[in-house]
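All values below come from the heavy atoms of this structure, side chains included, with hydrogens, waters and symmetry mates left out. Each chain gets a letter, A, B and so on, in the order its sequence line appears, and its residues count up from 1.
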Protein chains: 2
Amino acid sequence: MSNKLTIRHIAELANVSKATVSRVLNEYPHVRPEVREKVQKVISETGYQPNNIARLLASDRSSIIGLVISASAQMVFSDPYFPALTEAISRGAADNNLILSLFVSYTEKQGRDTLNGILAAGLFDGLIITADHKGDAFVSQLQEADIPFVFIGRPSEAEGINYVDADNVKGGYLATSHLTSLGYGRIGTIASDQNTAGDDRLAGYRSALKERGIAIEEELLAFGDYSLESGYAAMKELIPRQPEAVFVGSDTMALGALRALREAGLRVPEDIALVSHDDLPPAIQADPPLTTVQQQIATTGQMAVEKLAQIIMTGKAYPAQHIVNPVKLIVRASCGAAQLN
Amino acid sequence: MSNKLTIRHIAELANVSKATVSRVLNEYPHVRPEVREKVQKVISETGYQPNNIARLLASDRSSIIGLVISASAQMVFSDPYFPALTEAISRGAADNNLILSLFVSYTEKQGRDTLNGILAAGLFDGLIITADHKGDAFVSQLQEADIPFVFIGRPSEAEGINYVDADNVKGGYLATSHLTSLGYGRIGTIASDQNTAGDDRLAGYRSALKERGIAIEEELLAFGDYSLESGYAAMKELIPRQPEAVFVGSDTMALGALRALREAGLRVPEDIALVSHDDLPPAIQADPPLTTVQQQIATTGQMAVEKLAQIIMTGKAYPAQHIVNPVKLIVRASCGAAQLN
DNA sequence: ACGATTGTTGAAACCGGTTTCAATGAGAGT
DNA sequence: ACTCTCATTGAAACCGGTTTCAACAATCGT
């Protein structure tokens with residue numbers, strides 16, 4: 001450490017006690033303005049910076065929060081979702097004067113071990129948890145540890161748990177309604193049952209069709225795991241069933257679907273229309289650019305940090321709050337809306 | 001905190017002093033085996049976990065390292081490079097029993113502020129710095145603060161600085177030689193002068209051509225900033241000059257270049273061959289899949305953590321080590337090697 | 001058998017802050 | 001003028017560990 005100055009030195013230089021310096025540092029009352037100024041002058045002249053560790057020990061608060069990402073390696077690597085989220089949370093942490101620590105694990109078991117280590121360390125004021133699986137395994141551990149936490153993405157047992165999520169049901173609904181309103185029949189979907197987001201988007205798809213009185217044809221449902229490859233495989237499965245349009249549950253899977261269609265010699269949107277979900281950079285980079293449901297990941301990340309900060313400050317995690325961020329449809333070329341106009 | 005147990009309780013339960021418990025915890029010598037066992041028994045029975053903060057304060061070591069990413073927002077979002085690197089470093093930190101904290105900033109000024117905050121906090125045992133710009137602004141600050149640090153990517157003033165980098169000169173050389181050896185003439189490049197990686201790749205390009213006795217035609221050089229859009233723009237600039245092949249300095253820029261070519265009605269590799277750099281997921285997902293130079297980001301991240309850990313342990317940052325990871329050419333469709341066989 | 005050495009152990013100081021509590025002094029109330 | 005408050009301040013305890021140092025017991029050499 002380069003920092004040899006301690007609160008004692010400042011106290012001596014300013015001719016006051018450590019306690020008074022501490023009061024000035026923490027902007028506590030009960031210090032005469034002139035004394036406060038004198039101390040501040042010494043502090044700024046010397047460039048003194050209080051030692052955080054000591055502060056933590058004494059105040060039992062670290063201002064460090066952890067972000068636990070538990071997802072398959074493939075997912076973390078190839079889907080821009082987690083990077084975007086991480087980045088948003090990083091920014092949110094900075095805005096709230098919190099230090100962000102990052103933990104990535106690839107399996108649920110590994111995630112639990114990581115979590116154990118984190119909880120044992122006792123270093124963190126709170127945690128943000130995000131998982132591509134349903135994440136239930138973590139909940140009991142977290143609750144026992146009595147540490148403030150916020151989920152990103154609804155855990156399947158959400159009761160009493162604070163979480164922030166996108167309005168996935170609405171997303172599936174918007175995407176599918178858009179396709180029905182463009183006049184397509186035989187609308188399929190590539191969904192996912194890996195997490196609640198997938199369930200919800202599928203539910204939205206179902207409700208949109210139901211609303212129009214269209215029966216769900218189970219053979220037009222395919223499933224993927226959010227990877228490009230799974231989107232490719234799912235679309236291959238769907239092609240023989242000749243859907244006119246498909247709602248794909250994520251941009252990345254849509255990229256795979258596009259490849260399958262290209263290989264099959266089918267044009268998008270002329271032969272098959274596509275709408276996907278997320279609106280991450282690949283959506284606009286795709287050929288054709290994807291009509292997709294935008295979820296505001298930045299907002300989600302930010303709200304998660306803010307909710308966590310609030311729990312930490314107030315000490316009140318209850319009543320649990322479920323924050324659902326709105327989504328909106330971004331119309332590009334892949335749905336064929338342009339042609340139909 | 002749920003953890004009410006302190007070292008004192010353990011000491012009392014085991015009928016020894018705090019000092020002895022501490023010796024057991026830290027696996028220090030000078031404890032009789034039977035006493036050690038007795039203490040360990042109490043520890044495991046009670047589930048006692050030492051308070052890290054207190055430990056830090058007393059031992060002046062936090063086991064927390066910071067990763068500072070300073071890059072344009074666009075870059076962090078749309079290029080998978082940083083996510084891949086972050087993920088690798090996260091894994092490396094876990095392997096070395098270090099906690100990783102993440103800081104993202106978008107401008108050099110913001111980066112400096114962030115760094116100031118970090119250094120002031122005095123919480124970190126060391127830092128890993130990575131920047132899409134040349135990052136020199138940070139060096140003096142870091143050196144003054146006397147904190148262990150390792151750069152990822154060669155800073156332009158690299159003397160006395162520990163860094164880990166890919167062999168970018170070799171990368172540019174391999175890509176370009178591959179194109180010459182396939183018989184292409186008029187080989188252009190989309191380079192970048194934003195960072196030393198760009199400089200180095202360009203240098204490799206130059207040396208490959210020079211080696212074959214081919215004069216560099218300045219009009220076949222274009223520059224980008226690693227964004228897809230800049231690759232698109234650069235390729236548009238190059239098209240009228242009719243290169244037969246182009247070495248593109250990153251996969252993401254190559255994606256943009258592909259789009260420009262597609263819009264111009266040029267086929268890859270039949271009309272123009274492409275080789276890019278990085279071998280990130282988009283390279284294989286592109287149409288056609290990109291021949292590209294693979295840099296082992298995972299290894300780079302891991303080595304950076306290990307080097308940093310070593311500096312922290314030994315306290316010796318000198319002599320500075322420059323670790324250059326090998327690269328290798330991955331041949332796919334975009335270079336046309338398959339057709340030529 | 002006896003002093004010298006070595007291995008074990010605990011008391012106490014320490015890390016650098018925060019917080020409690022009692023002492024002090026000035027202003028308010030009568 | 002004389003209490004009674006109340007704001008200001010510093011001394012000391014505390015947070016929960018690590019580390020130093022001195023005391024002690026056991027082992028060694030002669």
Quickly work out the [X] [atom1] to [N] [atom2] distance and round it to whole Å.
X: Asn26(B); N: dT20(D); atom1: CG; atom2: C1'; answer: 15 Å
X: Leu25(B); N: dG16(D); atom1: CG; atom2: P; answer: 15 Å
X: Leu5(B); N: dG16(D); atom1: CG; atom2: P; answer: 11 Å
X: Arg55(B); N: dG16(C); atom1: CZ; atom2: P; answer: 19 Å
X: Gln49(B); N: dG17(D); atom1: CD; atom2: C1'; answer: 14 Å
X: Ile7(A); N: dA12(D); atom1: CD1; atom2: P; answer: 17 Å
X: Ile10(A); N: dT18(C); atom1: CD1; atom2: P; answer: 13 Å
X: Arg23(B); N: dC21(D); atom1: CZ; atom2: P; answer: 13 Å

Phosphate OP1/OP2 of [N] contacted by [X] side-chain N/O (<4.0 Å):
X: Tyr48(A); N: dG16(C); answer: no
X: Asn51(A); N: dC15(C); answer: no
X: Thr6(B); N: dG16(D); answer: no
X: Tyr28(A); N: dT8(D); answer: no

*Name the residue closer to the 5' end of DNA chain D, choosing between Ala54(A) and Thr20(A) according to the nucleotide with the nearest heavy atom.*
Thr20(A)

Is [X] reaching over with its side chain to a backbone N or O of [Y], donor-acceptor style, under 3.5 angstrom?
X: His30(B); Y: Thr20(B); value: no
X: Asn325(B); Y: Ala166(B); value: no
X: Thr86(B); Y: Phe82(B); value: yes

*Compute the bend angle of the helix from dA1(C)-dT30(D) to dT30(C)-dA1(D) from the end axes (five pairs per end), rounded to 10°.*
40°

*asked:* Looking at Asp95(B) and Arg91(B), is there a salt bridge between them, counting it only when a charged N and a carboxylate O are closer than 4.0 Å?
replied: no

*Under 4.0 angstrom, heavy atoms only, what part of the nucleic acid is Val16(A) near: base, sugar-phosphate, or nothing?*
sugar-phosphate

*Using a cut-off of 4.0 Å on non-hydrogen atoms, how would the nucleic acid contact of Arg8(B) be classed: base, sugar-phosphate, or nothing?*
nothing

Taking side-chain contact (heavy atoms from CB on, under 4.5 Å) as the criterion, tell me which of [options] meets it with [X].
X: Val164(A); options: Thr300(A), Val324(A), Ile128(A); value: Thr300(A)
X: Leu102(A); options: Val68(A), Ile69(A), Ile89(A); value: Ile69(A)
X: Leu127(A); options: Ile65(A), Leu142(A), Val150(A); value: Leu142(A)

*Can you tell me if CD on Glu27(B) sees more than 12 non-hydrogen neighbours from other groups inside 6.0 Å?*
no

*Near Gln143(B) CD, under 6.0 Å, is it more than 12 heavy atoms from other residues, nucleotides or ligands?*
yes

*Mapping Ser22(A) and Lys18(B) onto DNA chain C by nearest heavy atom, which one lands closer to the 5' end?*
Lys18(B)

*Looking only at heavy atoms, what is the nearest atom pair of Val39(B) and Ala14(B), with distance?*
CG2-CB, 4.1 Å

*Proximity to DNA chain D (any heavy atom under 4.0 Å), residues of residues 32-46 of chain A only*: Arg32(A), Val35(A)

